[in-house]
Amino acid sequence: MKRRRAAADIGTSLPMLKDHAASLSSPDYRRSPVPRYLQIAGVIRRRIEDGVWKPNEKISTLQELEAEFRVARVTVRQAVEVLQSEGLVRRIQGKGTFVSGNVEEKRWLKLDLKWHSLAGTIGANVPRFLPLSANPPAPLIRPEDGEEAPSYRYLESVQSRRGQPYSYARVHFDERLYELAPERFDREPTIAVVATLEGLAVAKARQSFIVGTVEPRVANLLATGIGFPTVEAHLVITDANNVVIYVADIIYRGDCVQLDVDLLG
């Protein structure tokens, strides 16, 4: 009797187990405000970047992707069209969808978290300075950062690589520094100038990061969609007199940044 009851219990629990397994494997698209086709495009994009499919290799068919992601065929087509517009894939009539032959390393911006390495990396590109509003925001300076300078010069810029924008920066720096090298400050990334100014002693340089999503104005500047992932850095530099001489908030496209940290350095 006990065996029959145990068998009956197992029999009734099998459908429940199958439903539970299906719920674990089925993606819940409601957890994100991003449209389903963009979520799927993000997964496929990541697979290409990680080398799951090599250049010129055929990716899963529309039917296979439809079954995997449990969405309608039109949603999968939209996702593939997004990647095609980005140049990541190409579609060949009657053969399928293939990874482009010229896919390059996406996470090319490797931020080595050391002061001079960071200044050199950011300083390697020419910024495009943006027009400013009449009332720029005040710099975010905490008491532990140091003392405020008498006045700050404010600027905004976008940096690009091969025509593709990858970062947007809001920068405040000590007005007295500008007088030391006005021509350089007008054409070079500010951090690169600060790092190489003769006679300037940097006592503290601190940087913190958060992972966020892009808002509409910055999305336009970085040529991304609203809600695209970003890495946001807050950088504060203090001189030997404990004066905060540089404050920057830099928003990087999340698809090009890699943070390199020497844990023993």
Side-chain angles (χ1 to χ4, degrees), residues 107-130 132 136-161 165-178 180-181 184-215 217-218 221-222 228-263 265:
R107 299 187 184 280
W108 58 270
L109 183 57
K110 296 176 174 58
L111 296 180
D112 181 357
L113 303 185
K114 299 182 182 67
W115 162 233
H116 286 289
S117 298
L118 179 65
T121 300
I122 297 177
N125 294 279
V126 178
R128 174 171 66 89
F129 294 104
L130 304 176
L132 301 177
L140 177 59
I141 300 176
R142 300 166 299 184
E144 61 268 29
D145 292 332
E147 301 175 5
E148 290 191 21
S151 63
Y152 289 94
R153 181 173 287 258
Y154 176 72
L155 57 86
E156 297 181 12
S157 66
V158 172
Q159 290 188 313
S160 301
R161 177 178 183 259
Y166 68 86
S167 73
Y168 161 70
R170 299 188 299 268
V171 176
H172 294 81
F173 65 100
D174 192 332
E175 184 77 43
R176 294 169 295 186
L177 297 182
Y178 181 80
L180 301 178
R184 290 191 63 195
F185 277 114
D186 287 341
R187 69 173 186 270
E188 299 178 33
T190 309
I191 190 172
V193 182
V194 171
T196 55
L197 271 180
E198 187 175 351
L200 177 62
V202 172
K204 292 189 297 184
R206 299 181 60 85
Q207 186 168 212
S208 59
F209 293 93
I210 64 171
V211 176
T213 55
V214 70
E215 51 87 17
R217 176 174 179 260
V218 179
L221 293 172
L222 296 183
F228 194 84
T230 59
V231 176
E232 302 176 18
H234 180 68
L235 176 59
V236 180
I237 300 172
T238 307
D239 69 7
N241 297 317
N242 199 38
V243 175
V244 176
I245 57 174
Y246 177 94
V247 181
D249 289 285
I250 307 173
I251 300 177
Y252 298 99
R253 287 177 57 119
D255 60 347
C256 70
V257 174
Q258 176 177 312
L259 301 179
D260 285 345
V261 181
D262 181 359
L263 296 180

Measure the shortest side-chain to side-chain distance between [X] and [Y] over non-hydrogen atoms and say whether it is less than 4.5 angstrom.
X: P136; Y: R170; value: no
X: L221; Y: I251; value: no
X: T196; Y: R184; value: yes
X: I141; Y: V236; value: no

From [X] [atom1] over to [Y] [atom2], what is the distance, rounded to the nearest 0.5 angstrom?
X: N242; Y: D145; atom1: CG; atom2: CG; result: 9.5 Å
X: L177; Y: T190; atom1: CG; atom2: OG1; result: 10.0 Å
X: R206; Y: L235; atom1: CZ; atom2: CG; result: 11.0 Å
X: D174; Y: D239; atom1: CG; atom2: CG; result: 7.5 Å
X: L222; Y: Q159; atom1: CG; atom2: CD; result: 11.0 Å
X: S208; Y: E232; atom1: OG; atom2: CD; result: 10.5 Å

Least distance between heavy atoms, [X] atom then [Y] atom:
X: A181; Y: L197; value: CB-CD2, 4.0 Å
X: L132; Y: Y154; value: CD1-O, 3.2 Å
X: R253; Y: P165; value: CD-O, 3.1 Å
X: E156; Y: Y168; value: OE1-OH, 3.0 Å
X: K204; Y: E144; value: NZ-O, 3.2 Å
X: A149; Y: R176; value: CB-NH2, 4.1 Å

Is the Y166 ring parallel, tilted or perpendicular to the Y252 ring (thresholds 30°, 60°)?
parallel

Is the ring pair Y178/F185 parallel, tilted or perpendicular, if the boundaries are 30 and 60 degrees?
tilted

Identify whether the distance between the nearest side-chain nitrogen and carboxylate oxygen of R153 and E175 falls below 4.0 Å.
yes

For the pair [X] (side chain) and [Y] (backbone), establish whether a donor and an acceptor sit closer than 3.5 Å, ignoring hydrogens and angles.
X: T230; Y: G212; result: yes
X: N241; Y: V243; result: no
X: H234; Y: I210; result: no

Tell me, please, which residues at least two apart from F129 pass side chain to side chain contact (heavy atoms under 4.5 Å, CB included).
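F129 satisfies side chain to side chain contact (heavy atoms under 4.5 Å, CB included) with P127, L155, S157 only.
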
Given the rule in the side-chain contact (heavy atoms from CB on, under 4.5 Å) test, do I245 and L200 qualify, once you have shown the distances and angles that lead to the verdict?
CA-CA 10 Å; I245 57 174; L200 177 62; 3.9 Å; yes

